[in-house]
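Just so it is clear, the model here is predicted, and its values are computed rather than measured.
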Amino acid sequence: MVLEVALIDVTPGHEDEFAAAYAQARPILAGAEGCRSVRMTRGVESPTRFVLLVEWDSVEAHDVNFRQTERFAQWRGLIGPHFAGPPLVEHFIDVPA
């Protein structure tokens with residue numbers, strides 16, 4: 001399992017519109033093969049900053065089953081107009097305790 005972390009800065013004044021677009025777009029992402037969970041958080045100190053957390057079976061599941069499909073275009077078409085700039089997206093794995 002890998003965790004996709006996307007740091008998304010939204011254009012000031014678009015926070016509510018972005019949240020509404022995310023609510024509409026979430027099922028598109030959550031329905032992708034290999035997607036285990038989806039969560040969006042919003043900054044307290046920086047309310048125009050959102051963090052998307054997505055658990056995937058693998059990096060390949062994210063890249064092949066979502067990013068290289070029409071789902072990604074639909075997803076980006078809904079939320080992308082509210083971006084202040086390109087999101088910073090990275091993948092992480094758990095550290096054994």
Checklist outcome for this item: Nearest heavy-atom contact between Met40 and Phe50 is SD-CB, 3.8 Å

Checklist entry - Would you say the side chain of Ile8 lies within less than 4.5 Å of the side chain of Phe18, judging by non-hydrogen atoms? => result yes

Item to check | Stepwise side chain to side chain contact (heavy atoms under 4.5 Å, CB included) check, Glu15 with Arg42 | outcome: CA-CA 9 Å; Glu15 300 88 351; Arg42 182 176 180 181; 3.2 Å; yes

Next on the checklist: Taking the side chain as everything from C-beta on, heavy atoms only, tell me whether Ile28 gets closer than 4.5 Å to Leu78.
Outcome noted: yes

Checklist entry - Can you find a heavy atom in the side chain of His62 that is under 4.5 Å from one in the side chain of His91? => result yes

Item to check | same_hphob_cluster(Ile93, Leu52) at 4.5 Å side-chain heavy-atom cutoff | outcome: yes

Checklist entry - Just checking, Arg71 and Phe66: is the charged tip under 6.0 Å from the six-membered ring centre and within 45° of the axis? => result no

Next on the checklist: Using 0.5 Å steps for rounding, measure from the CG atom of Asn65 to the OG atom of Ser58.
Outcome noted: 7.5 Å

Item to check | Donor-acceptor contact below 3.5 Å, side chain Thr48 vs main chain Asp9 | outcome: no

Item to check | Residue pairs passing the salt bridge (charged side-chain N to carboxylate O under 4.0 Å, His left out) test where at least one lies in residues 28-41, sequence neighbours excluded | outcome: Arg36-Asp57

Item to check | Nearest-0.5 Å distance that lies between atom CD in Glu55 and atom CG in Leu3 | outcome: 6.0 Å

Item to check | NE2-CG distance between His82 and Asp16, expressed to the nearest 0.5 angstrom | outcome: 10.5 Å

Checklist entry - Are Val54 and Cys35 close enough, and set up right, to give a side chain to side chain contact (heavy atoms under 4.5 Å, CB included), and what steps lead you there? => result CA-CA 7 Å; Val54 185; Cys35 180; 3.8 Å; yes

Next on the checklist: Taking the side chain as everything from C-beta on, heavy atoms only, tell me whether Met1 gets closer than 4.5 Å to Asp94.
Outcome noted: yes

Checklist entry - Rounded to the nearest 0.5 Å, how far apart are CG of Asp63 and CD of Glu4? => result 9.0 Å

Checklist entry - Are Phe92 and Val89 joined in one hydrophobic group, where the rule is that I, L, V, M, F, W and Y side chains link up if heavy atoms are under 4.5 Å apart? => result no

Checklist outcome for this item: Checking Val38, Leu29, Val10 against Tyr22 for side-chain contact (heavy atoms from CB on, under 4.5 Å), the one that qualifies is Val38

Next on the checklist: Could you tell me if the side chain of Val5 sits less than 4.5 Å from the side chain of Leu53, heavy atoms only?
Outcome noted: yes

Checklist entry - Heavy-atom distance under 4.5 Å between the side chains of Leu7 and Pro87, does that happen here? => result no

Checklist entry - Does Phe72 share a hydrophobic cluster with Val2, counting links as ILVMFWY side-chain heavy atoms below 4.5 Å and allowing steps through other members? => result yes

